[in-house]
Protein chains: 2
Amino acid sequence: MPRAQPYDRDAALDAALTLFWRKGYYATSLKDIEAALNMKPGSIYAAFNSKETLFGLTLERYFRKQHADFVSTLKAAASPLQGLADYLRRFARLPLDDPQRSSCMLVKTLLGATEQDAKLGELAGQYIDQMIAEMAAAFEQAKQLGELPGEADAAHLARRYQADLTALGFEASRRISREELAVSAEELAQKVEAMRVRQT
Amino acid sequence: MPRAQPYDRDAALDAALTLFWRKGYYATSLKDIEAALNMKPGSIYAAFNSKETLFGLTLERYFRKQHADFVSTLKAAASPLQGLADYLRRFARLPLDDPQRSSCMLVKTLLGATEQDAKLGELAGQYIDQMIAEMAAAFEQAKQLGELPGEADAAHLARRYQADLTALGFEASRRISREELAVSAEELAQKVEAMRVRQT
DNA sequence: GGGAAAATTGAGTGATCACTCAAATGTGAC
DNA sequence: GTCACATTTGAGTGATCACTCAATTTTCCC
């Protein structure tokens with residue numbers, strides 16, 4: 001009776017991503033995964049090596065999406081600083097039931113990781129560092145375009161920007177209204193825009 | 001052979017607090033708890049009703065400590081705004097191996113809670129709301145003392161302050177140096193102080 | 001000191017955990 | 001058409017999960 005239809009790896013990973021994002025690594029059981037991917041244990045272990053490997057793949061997937069999203073927002077903006085501000089404002093426009101409102105998966109993973117099973121936490125940390133590096137590159141570019149003063153510390157600004165983003169994501173995960181979230185996002189966005197050197 | 005010595009409830013709860021704070025609810029097993037509290041399962045269930053109840057008690061304990069800490073910092077300060085700024089700066093002075101550096105337990109619990117087992121998340125959320133209410137009271141007091149302009153929105157300022165604190169705690173949980181953390185804390189503290197209305 | 005109450009003990013409960021593998025079946029080369 | 005291979009299947013693995021309880025020992029009142 002076996003061999004129903006070959007699984008769709010992309011769809012499976014998307015389903016696993018949604019599941020892990022919602023429930024986290026530890027609270028997600030193989031039963032949950034079987035149901036979400038519509039796969040039996042054997043298939044799951046043939047396709048991915050273990051629960052941990054599968055989680056790692058979904059984490060990478062999540063990172064790629066976030067990263068691509070950030071990069072494209074920056075590219076679409078008139079300037080680096082404008083792009084950084086726009087990216088913050090986008091948060092406020094997310095619908096209340098959007099999965100993004102359940103806080104950044106990287107942050108959840110980092111905070112949820114224990115020291116004896118440190119691999120996942122370290123992985124999440126590395127991805128966050130890559131995001132920070134991308135943000136630092138944007139601030140650096142702003143410097144070279146004369147948007148920021150030459151003495152600005154791009155690395156520090158990037159760390160603070162990422163921290164603000166984390167805090168905003170945390171606010172979003174609470175039960176606050178869209179208006180309140182929009183106000184917070186607007187404040188942070190204006191803080192970024194206020195860094196701009198008045199030119200001529 | 002039973003009846004070694006009666007357990008010390010305060011010491012047991014402190015040990016449980018440290019354990020749950022580090023590992024989180026799901027990743028902590030009863031075996032871990034038995035070892036940390038030096039109690040056998042029967043005693044644990046006689047003293048506390050369940051793992052969940054025990055976690056609830058430790059969460060309350062954590063909240064009480066944080067709350068008392070916040071209130072005493074405010075009382076020791078020359079003014080409400082000064083106290084709020086001081087509380088932020090204290091973060092930077094924490095040693096690298098302090099348990100406080102492993103991020104706020106309330107935040108970790110809230111982010112780690114799943115929707116089907118929502119009780120713990122809601123509890124953490126309520127405690128966070130109480131902290132925010134305490135912060136709002138401080139901003140309100142600052143208004144009435146003329147430290148803040150009359151049109152200031154204490155509730156909003158409190159939410160933003162709490163978000164900043166969360167972001168700072170997240171930065172602290174990463175591998176950043178004490179100096180970097182101090183710079184971030186100083187920035188946030190000065191942001192609070194900058195709200196002060198210049199009087200005469 | 002004697003006896004009832006209180007409290008700890010730790011082996012053991014069924015359930016669930018992540019995971020395995022022999023069997024069954026679809027797939028593609030020839 | 002046939003056969004070798006790749007892949008799915010799902011019952012079943014031992015381990016560990018949160019939790020229970022009869023037995024045992026200490027405490028404390030008299």
Side-chain angles (χ1 to χ4, degrees), chain A residues 1-17 19-59 109 112-121 123, chain B residues 1-17 19-59 109 112-121 123:
Chain A
M1 74 199 73
R3 188 71 184 250
Q5 69 265 22
Y7 78 101
D8 178 341
R9 184 162 243 259
D10 241 41
L13 281 175
D14 268 335
L17 173 55
L19 183 63
F20 277 131
W21 192 356
R22 261 194 317 118
K23 304 193 66 172
Y25 179 72
Y26 292 105
T28 302
S29 76
L30 254 216
K31 285 274 162 63
D32 295 328
I33 298 173
E34 287 171 40
L37 308 203
N38 195 27
M39 289 169 78
K40 306 294 171 258
S43 308
I44 295 173
Y45 280 82
F48 319 101
N49 279 327
S50 64
K51 183 187 172 187
E52 192 173 314
T53 305
L54 176 58
F55 185 84
L57 288 171
T58 64
L59 203 63
T109 301
T114 61
E115 54 259 32
Q116 80 232 30
D117 187 21
K119 263 177 280 182
L120 298 178
L123 193 60
Chain B
M1 72 199 74
R3 192 68 186 249
Q5 68 264 22
Y7 78 100
D8 179 342
R9 185 164 242 260
D10 242 42
L13 282 174
D14 269 335
L17 172 55
L19 184 62
F20 276 131
W21 192 356
R22 260 194 317 120
K23 306 192 67 173
Y25 179 73
Y26 292 104
T28 301
S29 76
L30 255 218
K31 285 274 161 64
D32 295 329
I33 298 174
E34 288 171 40
L37 308 203
N38 195 28
M39 288 168 77
K40 305 294 170 262
S43 307
I44 295 173
Y45 280 83
F48 320 102
N49 280 328
S50 64
K51 183 188 172 186
E52 191 173 316
T53 305
L54 176 59
F55 185 83
L57 288 172
T58 63
L59 203 63
T109 302
T114 61
E115 55 257 34
Q116 80 232 30
D117 187 20
K119 262 176 280 181
L120 298 178
L123 193 59

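Within every chain, numbering begins at 1; the chains are lettered A, B, ... in the order of the sequence lines, protein sequences first and strands thereafter.
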Taking CD from B:E52 and P from D:dA18, how many angstroms apart are they, rounded to a whole number? 12 Å
Tell me whether the OP1 or OP2 atom of C:dA7 has a side-chain N or O from B:S43 closer than 4.0 Å. no
Does the pair B:F55 and B:L123 meet the rule for a side-chain contact (heavy atoms from CB on, under 4.5 Å), with working shown? CA-CA 11 Å; B:F55 185 83; B:L123 193 59; over 6 Å; no
Pairs satisfying salt bridge (charged side-chain N to carboxylate O under 4.0 Å, His left out), at least one member in residues 42-53 of chain B, at least two apart: B:E52-B:K119
Specify the separation, in whole Å, of atom CE of A:M39 and atom C1' of C:dA18. 16 Å
Selection from D:dT8, D:dG10, C:dT8 that lies nearest to any side-chain heavy atom of A:K40: D:dG10
Rounded off to whole Å, could you give me the CG-to-P distance for the B:L37 and C:dT9 pair? 12 Å
The test is side-chain contact (heavy atoms from CB on, under 4.5 Å); show your working for A:L120 and A:L59 and say whether it passes. CA-CA 9 Å; A:L120 298 178; A:L59 203 63; 5.7 Å; no
Could you tell me the separation between the OH atom of A:Y26 and the C1' atom of D:dA18, rounded to a whole number of Å? 18 Å
List, with names and distances, any nitrogen or oxygen atoms from the protein found under 3.5 Å away from nitrogen or oxygen atoms belonging to nucleotides 11-17 of chain C.
none

Can you check the B:E34 CD to C:dT8 C1' distance for me, whole Å? 13 Å
Residue pair A:A27 / A:D32: nearest heavy atoms and the distance that separates them: O-OD2, 3.8 Å
What is the separation between atom CD1 on A:I44 and atom C1' on D:dG10, rounded to the nearest whole Å? 12 Å
Whole-Å distance, A:F55 CZ to C:dC19 P, equals 14 Å
Roughly how far, to the nearest 0.5 Å, is OH of B:Y45 from CG of B:L30? 4.0 Å
One should read off an interatomic distance between A:T53 OG1 and A:I44 CD1, to the nearest 0.5 angstrom, of 13.0 Å
Considering only heavy side-chain atoms of A:Y45, the closest of C:dT9, C:dT8, C:dC19 is C:dC19
Can you tell me how far the CG atom of A:L37 sits from the CG atom of A:D14, to the nearest 0.5 Å? 10.5 Å
For A:A36 and A:A15 the tightest heavy-atom approach is O-CB, 3.7 Å
Look up atom CG in A:L13 and atom CG in A:L54, then write down how far apart they are to the nearest 0.5 Å. 6.5 Å
Angle of first-five versus last-five pair axes in the helix from C:dG1-D:dC30 to C:dC30-D:dG1, to 10 degrees: 10°
Atom CG of A:N38 and atom C1' of D:dG10: how far apart are they, to the nearest Å? 14 Å
